[in-house]
There are 2 protein chains.
Amino acid sequence: MRKKKKSEFLTEVELEFMTRLWELGEGTVRDVMAKLAPERDLAYTSAATIMRILEQKNFVSSKKEGKTHVYKALLTKDVYQTRFLKDVSEKLFDNTPAALVARLVDDDDLSIEALNEIRTLLEGRMKDANDRNDI
Amino acid sequence: MRKKKKSEFLTEVELEFMTRLWELGEGTVRDVMAKLAPERDLAYTSAATIMRILEQKNFVSSKKEGKTHVYKALLTKDVYQTRFLKDVSEKLFDNTPAALVARLVDDDDLSIEALNEIRTLLEGRMKDANDRNDI
DNA sequence: CAGTTAATACTAAAACTTTCGAAGATCCAA
DNA sequence: TTGGATCTTCGAAAGTTTTAGTATTAACTG
């Protein structure tokens, strides 16, 4: 017998739907479906089920407008990205985020601009961290 | 009816086992089990099943030594990390690895040491990029 | 108000994941 | 060489994920 898994992370299809909802801000099942890839051929009831599951798992909330539900993410994409990366870092990179970055910049050719952007952000962060330490 | 999912990525338990095997280089079911967290209470047959599944999915190969199988990863951790990050980048960061790094360094939980490591890495990478540009 | 349209709720299937027991195979020691 | 220990293989149970059909319910339309 297995114990029930706590759903901290989105499944593949759930992520697909959440991504659309993040883009939309909020929307109905039809709205979300309309944003799926055109080749994605999914019955309306399937999409509705996914949205219902997302609500059960507390990833989204819904309010009723007329007879339809309007869904809204309860979790920002930023927060989810952070949570997810923390887990990846732990499970696949021995808890060393630097190793993760190493692998990433090793593989993909980031533009100089992107690298600069990241460095700026990094230095801002390091300054903050130092300030906190100096108190 | 769903179409068969091609298993490009490891499941949670599979990753747990592969991580041990990567640490070991190669090993038997017992070897891998011995490296699991002490509180991980798993029957030997369960572990054997996981290893067999990993072999079916072509993540590992095995050679027979006496009556036991000695397993070896067919996929390096580096390659898997790269493959995985590419997917994460795509699915959760709009295909912009820079956004991924940005999110990572923006995480308040990151230590100063980790930030330093990342900066060192980044500067090395930027130097390389500049060198290439100067040619 | 009755009929059509469209949304939701319920249910269930098929595939996948995780776990482990039963049965048979193999090796070693006495 | 045989008994015990240990290994492998097979199958299956229980939970999760993904998909969609059916039934019900709510809104609009003539």
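The shown structure was predicted, so the numbers you read here are calculated from the model rather than taken from an experiment. Residue numbers start from 1 in every chain, and the chains themselves are labelled A, B, ... in the order their sequence lines are given, proteins ahead of strands.
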Just the rounded figure in Å: distance from [atom2] of [N] to [atom1] of [X].
{"X": "A/Lys63", "N": "C/dT8", "atom1": "NZ", "atom2": "P", "result": "14 Å"}
{"X": "B/Glu14", "N": "C/dT17", "atom1": "CD", "atom2": "P", "result": "6 Å"}
{"X": "A/Leu10", "N": "D/dT17", "atom1": "CG", "atom2": "C1'", "result": "13 Å"}
{"X": "B/Leu36", "N": "C/dT18", "atom1": "CG", "atom2": "P", "result": "13 Å"}
{"X": "A/Leu54", "N": "D/dT16", "atom1": "CG", "atom2": "C1'", "result": "14 Å"}
{"X": "B/Gln56", "N": "C/dA15", "atom1": "CD", "atom2": "P", "result": "16 Å"}
{"X": "B/Phe59", "N": "C/dT17", "atom1": "CZ", "atom2": "C1'", "result": "14 Å"}
{"X": "B/Glu12", "N": "C/dT18", "atom1": "CD", "atom2": "P", "result": "7 Å"}

[X] [atom1]: over 12 foreign heavy atoms closer than 6.0 Å:
{"X": "B/Glu12", "atom1": "CD", "result": "no"}
{"X": "B/Glu117", "atom1": "CD", "result": "yes"}
{"X": "B/Lys127", "atom1": "NZ", "result": "no"}

Does [X] pair with [Y] as a salt bridge, N-O distance under 4.0 Å?
{"X": "A/Arg20", "Y": "A/Glu23", "value": "yes"}
{"X": "A/Glu16", "Y": "B/Lys91", "value": "no"}
{"X": "B/Asp106", "Y": "B/Arg103", "value": "yes"}

Closest non-hydrogen atom pair, B/Phe59 against B/Met18: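 What the structure gives for the nearest pair is O-CE, 3.6 Å.
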Nearest non-hydrogen partners of A/Ala48 and A/Val29, listed with the distance: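 Between these two residues, the closest heavy atoms are N-CG1, 3.8 Å.
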Can you say whether the rings of B/Phe84 and B/Phe9 are parallel (under 30°), tilted (30 to 60°) or perpendicular (over 60°)?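 Geometry flag for B/Phe9 against B/Phe84: perpendicular rings.
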At less than 4.0 Å, is any side-chain N or O atom of [X] found next to OP1 or OP2 of [N]? Yes or no.
{"X": "B/Arg40", "N": "C/dT19", "answer": "yes"}
{"X": "A/Thr11", "N": "D/dT18", "answer": "yes"}
{"X": "A/Ser46", "N": "D/dA20", "answer": "yes"}
{"X": "A/Lys57", "N": "D/dT16", "answer": "no"}

Remember a base hit wins even if backbone is also touched, and classify A/Ile53 as base, sugar-phosphate or nothing at under 4.0 Å, heavy atoms.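 Base, at least one base heavy atom under 4.0 Å.
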In residues 15-24 of chain B, which ones come under 4.0 Å of DNA chain D, going by heavy atoms?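 DNA chain D contact set from residues 15-24 of chain B: none.
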Per-nucleotide protein contact string for nucleotides 4-13 of chain D (B base, S sugar-phosphate only, - none; heavy atom under 4.0 Å): -BBSBBB---
